[in-house]
Structure formats: structure tokens, C-alpha cells
There are 4 protein chains.
Amino acid sequence: MAIRQKCIKKRKALLNATLNLVNNNGFHDAPMSKIAKMAEVSPATIYIYFENKQDLINQLYLEVKSEFSTYVFKNYNEKDCIKDSFKQVWMNIADFKLNQIEASNFLSQCDNTPMIDEDSRQAGLKNLQPLINLWERGQQKGVIKLISPYLLYAYTVYPLSFLSNMKQKQTFVLSEKGLEEAFEAAWDSIKL
Amino acid sequence: MAIRQKCIKKRKALLNATLNLVNNNGFHDAPMSKIAKMAEVSPATIYIYFENKQDLINQLYLEVKSEFSTYVFKNYNEKDCIKDSFKQVWMNIADFKLNQIEASNFLSQCDNTPMIDEDSRQAGLKNLQPLINLWERGQQKGVIKLISPYLLYAYTVYPLSFLSNMKQKQTFVLSEKGLEEAFEAAWDSIKL
Amino acid sequence: MAIRQKCIKKRKALLNATLNLVNNNGFHDAPMSKIAKMAEVSPATIYIYFENKQDLINQLYLEVKSEFSTYVFKNYNEKDCIKDSFKQVWMNIADFKLNQIEASNFLSQCDNTPMIDEDSRQAGLKNLQPLINLWERGQQKGVIKLISPYLLYAYTVYPLSFLSNMKQKQTFVLSEKGLEEAFEAAWDSIKL
Amino acid sequence: MAIRQKCIKKRKALLNATLNLVNNNGFHDAPMSKIAKMAEVSPATIYIYFENKQDLINQLYLEVKSEFSTYVFKNYNEKDCIKDSFKQVWMNIADFKLNQIEASNFLSQCDNTPMIDEDSRQAGLKNLQPLINLWERGQQKGVIKLISPYLLYAYTVYPLSFLSNMKQKQTFVLSEKGLEEAFEAAWDSIKL
DNA sequence: CATGAATGAGCTTTCATTCAT
DNA sequence: TATGAATGAAAGCTCATTCAT
């Protein structure tokens, strides 16, 4: 057990180092040697835990994505009121995007560059099904516009990525009030 | 003049090749040698037109960004009706994001990775001033919510990036009707 | 004893694995890790039985060489007739070269590349002394040409290496009749 | 032209360095860095002339093989007397094997290890056709045994590889008289 | 005796950039 | 202006070997 623990720790350290470097320098300037140094292991050690650089990135993507979806549905149980249910989920996402900036930023890079395998990307997609279900229920109840879930996502969740981006660049930081305004904008855009 | 023309052509070919390769392979797999080959020049020739790789990327970013802002304010003149004015601009942006996918995709990469200099990014920011002015006028007239322009942008313009992304990946393509729905969502999110 | 047995088994498994890999991939693509995997032991275990990779190769060479000489003088006892004695030995060699192809192939590699220590090579040389004695007797009796044993070897034994090589590459396989022809060629080349 | 000449010189230097190192250290200890150093170029330069290490080895093999066949049929024109014709060719081969030891040794390594592609090996095979034709003529005239050309080769040409090997290791050096004896052995083995 | 994990050294190869022409 | 050839530096990765258990 002591051994396994140590192993898991090293793996985690490597994933953290990668996240860090890719975020700050970009994928193109995150060489294995730097990753190893930052994780305080030998470069060769990386290849005990990961097949190659691509695999390291892919696995990191999947872990972060899964971390994200855990976040999203924290304390979520379907309530009667669609808006309340939605607000709960939306606030969770906002919490993640605005407070787990490192993770959020990494996901943005992955989604906007060809740096992870299409397979891994596909595997990481299926995380928001409960939200889609919620939207559908809202549509059946006549509370939410009858438009594609892609549009619903684009206008409620995706804007948070921009706000996350701005916060990370210290260009614009959302206040408590701003957060409420943001939610209202999201809700207004899709409510019937 | 013939010579100048030819020069400009080579420069353009290099920028195109770079755009192409960065979009398809990512910045990390767009080496100068491939760029040169695709533009049908010698690698050494690149350094006649650009100081180094970073400069090439920066200049490309600025050109594409400026191309974008030309697009945005095509046929734009301030009208009485805020919504109409806004719709004109919004549709221009949508047109760009959904039809100039290569360019749009490249800008997304630039905005989500540390691949261009902060200086160039700053220089590319000031392109949407007229839109900001429009919003301000709308706010003064009581037509638009009194919220930060960052929020206005996040909920009206930024969602189009997501839709562009989806189109490029052939995951979801917006119909004519969908486009109208998208605009309504955008407008609903910010109108008072 | 049971333990000893097991140990010997592991050693044998390692030698077999090495033979196999060196034959199929070449010395340059027979890493310790692959050898270990093929022998179903840990890489570290190799170093219990062998000092290092060179030692492993050297020991393998000596074992195979000794296996060879056991083969060569199977059923051999000096008879009156030189030709008969020689034929017995020659057929043994042919048997080895054409049926123990793996072993034969490995020895060929060793003899044609600088992959084993000169010491081990020298140690492996002294195996054919009885054959040399036989030749000498033949020469004294006026049955065999008075030429260097190196020449005798080159024209009677060495050609079998070529035929072994061809068989292994499935380029040319000797028939029963061909084997007799081969012996006659060998004998003709050295008989007086 | 001056440029081309220089190019060819570098290519040649690289091939020579490779021959040298592979002969002395073996394929497994002939790293690109050493090859580059010996040829007095940068490691990166190798990749201007060769696709990769395998390609370098393959090309070297083909060049040496072709050099060999040029040697073999030097001053060769079909004469009436089969033995004389054969002797001419045989002596050429002996000359090559015993005096171009580096080249000869390299070919031996290639033929006894899996270090070159099967394709290249096949391409290098067709060099001895005129010799095969000669043997056939000899067989038709009733001068040479009616046995497979593989056997003819094994007993006349292949022994020279052994003698070359011995000479290179300074174990046994053929005298002028020895050479004649060797030829007689070769001829005796195949003549009717 | 046996091992999985770890590693420093070194491998092949690529890259951004320069230089002679 | 334009280039093919050249390269030092560094990339991703592998390997023989060691060590804590």
C-alpha cells in the first residue's frame, strides 16, 4: 500500500506539472524534461506512468474533465423548479470556471487546439447528460425555449469560459453582483 | 511594381500556410520547414519577411484580427434603433465566425493559448470600440441592461465562437432558423 | 534441489530468450527489458544470473558453442577409414547447421560482428581439435591435401553455414540428395 | 557543380564513417553522433543525405554491394575455357575479399544479422548473374557438376568469406601459394 | 532469490535559424 | 531578393543498470 501510494503521488505530481506548464507556456513549450523537473522525477520516470507525451496529455484531459463533471453536479438533485435546478448547476459551473482557473484554462486550450486525440475528446464529452436532461424537462414544461441544446449550452455555459479567461488574464473580475447578473443573462437567453 | 506584387504574394502565401498548419496541426506541430514547403519557398526566405517564428505568428494574428474587424462593421452605420444596429453587427460577426472558419478558429487558438505576445494581443483588442459605443448608447436609452461590456460580450458575441467550433468539428451546424434563434438568445440575454 | 532446479530453469529461459531476440531483431534491438519479458522474469533478475548484458551474451555464446561441439562428435570414434570418419563428423555438423538453425544462426552472428568479447571467442575456438587431428592423420596417410587446416575448414565446414543461412531465409533448402552432393563437394575439395 | 561536388563528398564521408564504425564497433555501437563526428559534420546534417539511420545503412549496403560486383567482373569476358573464365572471376572475388577487407567485412555483417531491410537485401542479390551463367555453360559442356548454383556458390565463393574473416582477425593470412591451393580446392569441389 | 520502480546517460531525430552563394 | 545546405541545441524517448523492499 505504501508503494501504491507513492506511485499515485508521482503520477499526480506529473499531471500537475503538465497542467501547470501547458497553461503557462503552451503545449509547444512544455517539454518532457521541464515536466520531469517540475515533478521532481527523472524524465525516464514519466514513461513508467504514461506511454508517451500524447498519452500524458490525453490522460490529464480526461482527469480534469472528470473533475469538472464531479463539480458540476455537486449537490444536484432534480427539483420541481426548473430554474432553481438550473441555477444550482450553473453556479457550480461558474464556481469551477472562476475558481479552478488552472483546470478551466487547460480545458479551454484542449477544446480550441488540436492537442488531444479525437478519441479522448469524444470520451470526455458525455459528462453533461444530466444537464441536457434538465433542459429537456424544462422544454416539456414550457419553461425553456425549444432550441438545440448546443444553443442552450452556447448561451448559458460557454460565456463562463470567456469570463474565466478574462479573470485569468486579470482583465476583468466578476463581483458577487456581476455573478448574479451573469446568471440572469444566461437564464434570460433561454427562458421562454 | 511587379516585383513588389510578387513580394506581397510570398508574404501572403506564408501567412496562409501558417494559418493552415497551425489550425490543423496546432502551433506545436507547425515547423518553419513545413510552412516554407506549403508556401513553396525556402525556409530561409521566411526570415526576409519575418523576424522569427514568433513575429510571423504575431503578424498573422494582427492581420486576421484586423480582417475580422473589417468584417464586423461592414455596412454599419449607426441607426436610430439600437436593436437593428446591434443585429447588423451581430450578423456580421456570425457571418465571419461561421463562414471564415479558418480565420475564426485561428483566433480562438490565439485567445486560449499563450502563443502570441501579450503586446500583440493588446494591440488586437481595440477593434470592437464601435460596438462598445453602441452598447453604451443602448444603455443610456434604457434598452440594454446596465452590466459590464465584458458581460455583454460574453453573452452575445462569445457564444458564436462555440458554434463556430462545433461547425468546424462537424458536430453541429446552424440552420437559417437556428441563426435567428441564436440572435434572439443573444438579444434576450442583454435587453432590458 | 527443487530450488536449484528452478534457478537453472530461469537461467535457461533467459538464455533462450536472448538467443531468440538476438536472432530475430539483432543484438542492437534485444534490450534487457524485452529479454526479461520473454523469459517472464523481472529485468532485475537477470543480474542475479549474469553480471551484465555482455556477460549474458558471452555465456550464451559459450553454451551454444559447446552444444555445437557435443553435436559434432556425437557417435564419433576414430575409424580406420579417414573418409568415413570425416563423413560422420561432417554429417553431424550438417545436422546441426541445418536443423538447429536458431543456434547456428546465432553463432554466425557472433562470428561476423564484434558483439562478443575476444576472450570468449578464443575460449570457444578449441572445440574442433579432434577434427583437426583427424585431418592431420588423413594428411599423414596421404588421403588429404597438405594444406592449412584453415583451408580445410573453409572448404568443408564453412559452406554449411551458407546453406544454413539460405535455409533460414527460406531461399534454398537442401534435399536428401543435395546433402550427399554437398558432402561429395566437401570431400572432393580436400581429398588428394 | 562545386556545390554538388561538396555534397557528394559529405555523403561519401558519412558512408565511410558508418562503414568504419559498424565494422569496428558493430551496428549497436555506431551511434549517429559518432558517425557525424567521424565524418566531421553535425548530426543534423546526416538527415539531409539520409532519411534515417536505417536508410543510411541500407544505402551503404547497396553501394558496397555494387562496388563488389564491379570488382567481380573486372576484366571478365567469356572465354572458351570454363576453368579459365571461372578462375578469373574467382580471383577477382578473392582479391576483393582479401584486400577490401573493410567492405567485405561489412557485407558479412549485413548477411548474418538482421540489420538491413529485406528489400535492400533482395535488391543487392542480383549481382552475380554472369557467374551463374558461366556455371550453367560449364554444366552444359560437362565440365561442372550438375548441382544447384547455391551449392556451387557455397563451395567456391563462400569459403573466401571465412578466409577474409580470418585475415581481418589476423588469425590466418593466405600466402600466394595458399591462394592457389584455395582455388584448386574450389575448383576440385565443383569440377566433374 | 526476486522484483517493480527508478534513473542518468545516451539514443535518434527535429527544429529555428544562419550562411555562402 | 532568394535559396539549399548546414547546424547547435534541444526534443521525445530508450536502455542497461540499481535499489528498496
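The sequence lines fix the lettering, A, B, ..., with proteins before strands; numbering per chain opens at 1. Keep in mind that this is a model prediction, so the values were computed, not measured.
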For the side chain of [X], starting at C-beta, report the closest nucleotide among [options].
X: Ala44(D); options: dA6(F), dT7(F), dT3(E); result: dT7(F)
X: Ser33(A); options: dA11(F), dT7(E), dA6(F); result: dA11(F)
X: Met32(D); options: dT13(E), dA11(F), dC11(E); result: dT13(E)
X: Ser42(C); options: dG8(F), dG4(E), dT3(F); result: dG4(E)
X: Lys53(A); options: dT17(F), dT7(F), dC13(F); result: dC13(F)
X: Tyr47(C); options: dT18(F), dT3(F), dG8(F); result: dT18(F)

Take atom CD in Glu40(D); do more than 12 heavy atoms of anything else shown fall under 6.0 Å from it?
->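 Counting other residues, nucleotides and ligands, CD of Glu40(D) stays at 12 neighbours or fewer.
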Decide if atom NZ of Lys169(C) counts as having more than 12 heavy atoms of other residues, nucleotides or ligands within a radius under 6.0 Å.
->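 Yes, NZ of Lys169(C) has more than 12 neighbouring heavy atoms, counting only those of other groups under 6.0 Å.
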Could you tell me the separation between the [atom1] atom of [X] and the [atom2] atom of [N], rounded to a whole number of Å?
X: His28(C); N: dC11(E); atom1: NE2; atom2: P; result: 15 Å
X: Arg11(C); N: dA2(E); atom1: CZ; atom2: C1'; result: 17 Å
X: Asp29(B); N: dC15(E); atom1: CG; atom2: P; result: 7 Å
X: Lys34(B); N: dT13(E); atom1: NZ; atom2: C1'; result: 14 Å
X: Leu56(A); N: dG12(F); atom1: CG; atom2: C1'; result: 12 Å
X: Ile46(A); N: dA11(F); atom1: CD1; atom2: P; result: 12 Å
X: Leu14(C); N: dT3(E); atom1: CG; atom2: C1'; result: 13 Å
X: Ile8(A); N: dG4(E); atom1: CD1; atom2: C1'; result: 15 Å

When you match Glu51(A) and Gln54(C) each to their closest nucleotide on DNA chain F, which lands nearer the 5' end?
->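 That would be Glu51(A).
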DNA chain F: Ile48(B) or Pro43(D), which has the more 5' nearest nucleotide?
->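 Upstream on the strand: Ile48(B).
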Quick one: is Lys10(D) getting a side-chain N or O under 4.0 Å of the dA6(F) phosphate, OP1 or OP2?
->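 Result: yes.
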Does the side chain of Thr45(D) get closer than 4.0 angstrom to OP1 or OP2 of dT7(F) through an N or O atom?
->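 Affirmative; the distance criterion is met.
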Which residue lies toward the 5' end of DNA chain E, Ala30(B) or Phe27(D), if each is placed at its nearest nucleotide?
->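 With Ala30(B) and Phe27(D) compared, the 5'-side residue is Phe27(D).
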When you match Glu40(C) and Val41(A) each to their closest nucleotide on DNA chain E, which lands nearer the 5' end?
->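 Upstream on the strand: Glu40(C).
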Mutual orientation of the aromatic rings belonging to Phe106(B) and Tyr61(B) [parallel < 30°, tilted 30-60°, perpendicular > 60°] |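 Tilted.
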Minimum-distance pair of heavy atoms, taken over all atoms of Lys65(C) and Asn127(C) =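 For Lys65(C) versus Asn127(C), the nearest heavy atoms are O-ND2, 3.7 Å.
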Now, which nucleotide makes the Watson-Crick or G-U wobble pair with dT21(F), with each of the two distances under 3.5 Å?
->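 Its partner is dA2(E).
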Complement of dC11(E), any strand, by Watson-Crick or G-U distances under 3.5 angstrom |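 Matched dC11(E) with dG12(F) under the 3.5 Å cut-off.
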To the nearest 0.5 Å, tell me how far Glu118(B) CD sits from Arg121(B) CZ.
->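 So the CD of Glu118(B) and the CZ of Arg121(B) are separated by 5.0 Å.
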Under 6.0 Å from the six-membered ring centre of Tyr47(C) and within 45° of its axis: does the NZ or CZ of Lys53(C) meet both?
->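 Cation-pi check for Lys53(C) and Tyr47(C): fails.
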